[in-house]
Peer 1: 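Structure below; questions to follow.
Counting from 1, the numbers follow the sequence of the chain as shown.
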Amino acid sequence: KGMYLKSFLTSGILLTLFSSPSLADNGAYFTGSIGASKVGDIDVEGITSDVEFDSGMNYEIGLGYDFGQTRIEASWERSQSDGVSWLGGKLDADSKIDSFLGSIIYDFENDSKWTPFAGASLGSTSIDVEGDNAASFSYGIQGGLSYQTSEKLEIFAKVNRLVVRELNYDDGTEITNANTTGVRIGARFSF
């Protein structure tokens, strides 16, 4: 008898939670975005001239889970640049920055369909410049604004900044605190 009562109470509590309007938007989602990025100037140890990168494409795909006001995401992000300026010269150098990130995001919910959000990320970033590759721990922040178009779809615009702690290339080049800033538009699809 006690086991049936516990099962009944547990079922009732779960049904109440899942039918609550405030939890109706919870669940897993897919996200994707595209935009532009700017790799920050890089200081090279022992040389006074900074390495400057051209602006390029920036895109991201990921999976997340919405707990209500808080979301978690796992994502892959790529920033690209087709040109580099250094020591007064310009080079056509293909640069790719790939990041695998875990993020926690807070939604500032209100009574409208517009929701500001802010978040923080940790992960690993690999920077490839013309085939020379190095990877390191990275962290970042993001902020933006989303608009709920339906129960299953939100569109958003966001700005994010990512900092890569330390890169050591095979030729002995050491780069610290490399960074990139991205501006993107995208969508979140709940499923």
Side-chain angles (χ1 to χ4, degrees), residues 28-44 50-66 71-86 90-107 115-147 149 153-171 173-191:
Y29 62 87
F30 171 80
T31 186
S33 61
I34 189 166
S37 67
K38 176 70 174 116
V39 179
D41 295 351
I42 294 176
D43 297 326
V44 179
D50 291 346
V51 178
E52 299 176 10
F53 291 83
D54 292 347
S55 297
M57 292 290 293
N58 179 242
Y59 42 93
E60 167 192 49
I61 57 171
L63 292 173
Y65 193 89
D66 188 345
R71 293 181 283 121
I72 56 171
E73 282 183 7
S75 63
W76 167 73
E77 176 183 326
R78 173 170 277 184
S79 298
Q80 293 178 245
S81 175
D82 294 329
V84 175
S85 299
W86 190 39
K90 187 151 177 77
L91 306 168
D92 288 329
D94 185 26
S95 304
K96 293 183 192 79
I97 301 173
D98 290 309
S99 300
F100 294 93
L101 302 169
S103 303
I104 185 164
I105 302 149
Y106 184 81
D107 292 313
T115 305
F117 62 88
S121 305
L122 294 174
S124 176
T125 297
S126 169
I127 300 180
D128 183 306
V129 180
E130 289 294 310
D132 290 330
N133 196 340
S136 181
F137 168 75
S138 55
Y139 59 91
I141 57 171
Q142 61 179 284
L145 184 66
S146 61
Y147 180 78
T149 61
L153 176 65
E154 285 185 81
I155 56 174
F156 63 85
K158 75 174 180 179
V159 176
N160 75 312
R161 181 154 177 102
L162 190 64
V163 176
V164 185
R165 288 292 300 142
E166 184 177 333
L167 296 162
N168 294 297
Y169 287 90
D170 290 339
D171 65 1
T173 303
E174 182 180 311
I175 298 168
T176 57
N177 296 320
N179 64 79
T180 181
T181 302
V183 178
R184 296 193 297 268
I185 56 170
R188 287 191 291 272
F189 304 92
S190 299
F191 54 88

Peer 1: Heavy atoms only: give me the nearest L122-F137 pair and the separation to one decimal.
Peer 2: CD2-CZ, 3.6 Å
Peer 1: Can you tell me how far apart OG (S121) and CZ (R161) are? Round to the nearest 0.5 Å.
Peer 2: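 These two atoms lie 13.5 Å from each other.
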Peer 1: State, to 0.1 Å, how close I72 and Y29 come at their nearest heavy-atom pair, and which atoms those are.
Peer 2: O-OH, 3.7 Å
Peer 1: Taking side chain to side chain contact (heavy atoms under 4.5 Å, CB included) as the definition, give me every residue that meets it alongside V159, ordered by chain and number, with sequence neighbours left out.
Peer 2: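 Listed in chain order: T181, V183.
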Peer 1: Atom CG of residue position L63 - does it have more than 12 heavy atoms of other residues, nucleotides or ligands inside 6.0 Å?
Peer 2: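 Atom CG in L63 is crowded, with more than 12 foreign heavy atoms closer than 6.0 Å.
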Peer 1: Rounded to the nearest 0.5 Å, what separates atom CD in E154 from atom CG in L145?
Peer 2: 10.0 Å
Peer 1: Rounded to the nearest 0.5 Å, what separates atom CD in E73 from atom CG in D66?
Peer 2: 9.5 Å
Peer 1: Counting C-beta onward and ignoring hydrogens, is there a side-chain heavy-atom pair between T115 and F156 closer than 4.5 Å?
Peer 2: no
Peer 1: Run the side chain to side chain contact (heavy atoms under 4.5 Å, CB included) test against L153 and tell me which residues pass, sequence neighbours left out.
Peer 2: T149, S150, A187, F189
Peer 1: Using the side chain to side chain donor-acceptor pair (under 3.5 Å) rule, take N160 and E77 through it: C-alpha gap first, then chi angles, then the decisive distance, then the call.
Peer 2: CA-CA 11 Å; N160 75 312; E77 176 183 326; 3.2 Å; yes
Peer 1: Looking at side-chain heavy atoms only, is the closest gap between F117 and R71 below 4.5 Å?
Peer 2: yes
Peer 1: Under a 4.5 Å cut-off applied to non-hydrogen side-chain atoms, are T31 and S75 in contact?
Peer 2: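 Sidechains of S75 and T31: no contact.
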Peer 1: With rounding to the nearest 0.5 Å, note down the distance linking CG in L162 to CD in Q142.
Peer 2: 10.5 Å
Peer 1: Test of understanding: with side chain to side chain donor-acceptor pair (under 3.5 Å), list the residues that count as partners of S79, not counting sequence neighbours.
Peer 2: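 Applying side chain to side chain donor-acceptor pair (under 3.5 Å) to S79 gives N58.
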Peer 1: Hey, what do you get for NZ (K38) to CG (D54), rounding to the nearest 0.5 Å?
Peer 2: 6.5 Å
Peer 1: What I'd like to find out is whether the side chain of V39 reaches to under 4.5 Å of the side chain of I127, using heavy atoms alone.
Peer 2: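 They are not in contact (no side-chain heavy atoms under 4.5 Å apart), so the answer is no.
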Peer 1: Do we see a donor-acceptor contact under 3.5 Å between the side chains of S136 and E166?
Peer 2: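 Absent: no donor and acceptor within the cut-off.
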Peer 1: Kindly compute the distance separating OG (S95) from CG (D128), expressed to the nearest 0.5 Å.
Peer 2: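 Between atom OG of S95 and atom CG of D128 there are 8.0 Å.
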Peer 1: Please identify each residue that fulfils ring-ring contact (aromatic ring centres under 6.0 Å, His included) with Y139, with sequence neighbours left out.
Peer 2: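 Scan of Y139 (ring-ring contact (aromatic ring centres under 6.0 Å, His included), adjacent residues dropped) gives none.
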Peer 1: On a heavy-atom basis, which atom in S81 and which in F53 lie closest, and how many Å separate them?
Peer 2: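 Distance-wise, the nearest heavy atoms are OG-CB, 3.8 Å.
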Peer 1: Hey, can you tell me if F100 and W76 have their rings parallel, tilted or perpendicular (30° and 60° cut-offs)?
Peer 2: tilted
Peer 1: Using side chain to side chain contact (heavy atoms under 4.5 Å, CB included) as the criterion, list what pairs up with I34, not counting sequence neighbours.
Peer 2: M57, Y59
Peer 1: If the condition is side chain to side chain donor-acceptor pair (under 3.5 Å), which residues does N133 pass it with, not counting sequence neighbours?
Peer 2: S126
Peer 1: Is S99 reaching over with its side chain to a backbone N or O of T125, donor-acceptor style, under 3.5 angstrom?
Peer 2: no
